Amino acid sequence: MAEELNAITVAFLVAQEGTEQVELTEPWKSIQACGGKPVLVSIESGTIQAFDHLDRADTFPVDVVLEDARVLDFDALVLPGGVANPDFLRASAPAVRFVRSFFEAGKPVAAICHAPWTLIEADVVRGRTLTSFPSISTDVINAGGTWVDEEVVICRDGDNVLITSRKPDDLAAFNAGIVAEFAHAAVPG
């Protein structure tokens, strides 16, 4: 990847359980490979349990507890999917506020698979075009978004950039999209 993310710190917001491992690790590696700093933010301290679909996979240490996370400390946000992860996050008022605050600050946000559930709860989907895992397309539409069936969608709305993808098979396009958009966000001015 040609983009440079040397000055970028990216929050990866996940619940304690249910994150689709590859949707966490592959974007994480892409950001690191370009010089960015990924930070694992979660509701509780300790570790998070990732999953490979419905099977337990690896655990990962939490870098920052959500109550201590400040949007000012991050340049962008990634919301990995999995079915349970966004379902837990959307039930957490602090997580929903954290997500909404990235939009209020005009910082780029990326979400894959079922992660738009958290965006819906944060009421930031209305008027935006995005994609997701197909089974939640009706949820996106009911929240006022326009759902499209594409491997990656980059929606620019004023100062906001939202990058979304459908599933793990779309990770190459998703990773390229987040790196390119996060690099643009890093350019001063």
Side-chain angles (χ1 to χ4, degrees), residues 1-15 23-24 27-28 30-32 34-43 63-81 85-86 89-90 92-132 139-141 143-148 150-166 170 173-189:
M1 292 182 195
E3 306 291 344
E4 290 294 323
L5 301 178
N6 293 333
I8 295 290
T9 301
V10 180
F12 279 72
L13 178 61
V14 297
E23 293 173 1
L24 169 64
W28 186 284
S30 292
I31 288 167
Q32 280 185 321
C34 295
K37 179 184 175 189
V39 176
L40 191 64
V41 178
S42 192
I43 297 168
D63 296 316
V64 178
V65 178
L66 185 59
E67 69 183 29
D68 297 330
R70 296 176 338 133
V71 172
L72 294 173
D73 295 335
F74 301 102
D75 300 293
L77 173 65
V78 174
L79 298 169
N85 179 54
L89 290 176
R90 69 183 177 163
S92 164
V96 171
R97 280 193 302 275
F98 188 69
V99 170
R100 187 180 310 114
S101 63
F102 275 84
F103 286 86
E104 292 167 351
K107 297 184 178 190
V109 175
I112 187 167
C113 197
H114 287 76
W117 267 342
T118 310
L119 299 175
I120 290 166
E121 193 65 31
D123 195 25
V124 296
V125 169
R126 189 172 324 284
R128 292 191 166 89
T129 300
L130 62 151
T131 194
S132 66
D139 299 336
V140 169
I141 293 165
T146 300
W147 188 86
V148 294
E150 297 175 15
E151 68 180 353
V152 67
V153 175
I154 298 172
C155 179
R156 291 178 183 82
D157 179 21
D159 290 337
N160 294 120
V161 175
L162 175 60
I163 306 108
T164 53
S165 281
R166 300 171 299 192
D170 299 336
F174 182 67
N175 293 341
I178 64 174
V179 167
E181 292 302 322
F182 293 179
H184 290 305
V187 177

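Bear in mind the structure is a predicted one, so any value in this text is a computation, not a measurement.
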One pair to check against side chain to side chain contact (heavy atoms under 4.5 Å, CB included): K107 and V109. What are the steps and the verdict? CA-CA 7 Å; K107 297 184 178 190; V109 175; 5.9 Å; no

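- Note that the CZ atom of R97 and the CD atom of E121 stand 12.0 Å from one another [nearest 0.5 Å].
- The shortest side-chain heavy-atom distance between W147 and T131 falls under the 4.5 Å cut-off.
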Do I163 and F182 pass the side chain to side chain contact (heavy atoms under 4.5 Å, CB included) test, and can you show the C-alpha distance, the side-chain angles, and the key distance before you say yes or no? CA-CA 10 Å; I163 306 108; F182 293 179; 4.1 Å; yes

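- We find the OG1-CG distance between T164 and L79 to be 11.0 Å, quoted to the nearest 0.5 Å.
- From E150, atom CD reaches atom CG of L130 across 11.0 Å, with rounding to the nearest 0.5 Å.
- Here the side chains of D170 and V152 are not in contact, with every heavy-atom distance at 4.5 Å or above.
- In this structure, V71 and L77 have side chains that are not in contact, with every pair of non-hydrogen atoms separated by 4.5 Å or more.
- Put simply, the side chain of L66 reaches to within 4.5 Å of the side chain of S92, judged on heavy atoms.
- Nearest approach of C34 to V179, heavy atoms of both residues: SG-CG1, 3.7 Å.
- Between L162 and V124 the shortest side-chain heavy-atom distance does not fall below 4.5 Å.
- Here the side chains of E23 and N85 are not in contact, with every heavy-atom distance at 4.5 Å or above.
- Relative orientation of the F74 and F98 rings is perpendicular, given thresholds of 30° and 60° on the angle between their planes.
- A heavy-atom distance below 4.5 Å is found between the side chains of V39 and T9.
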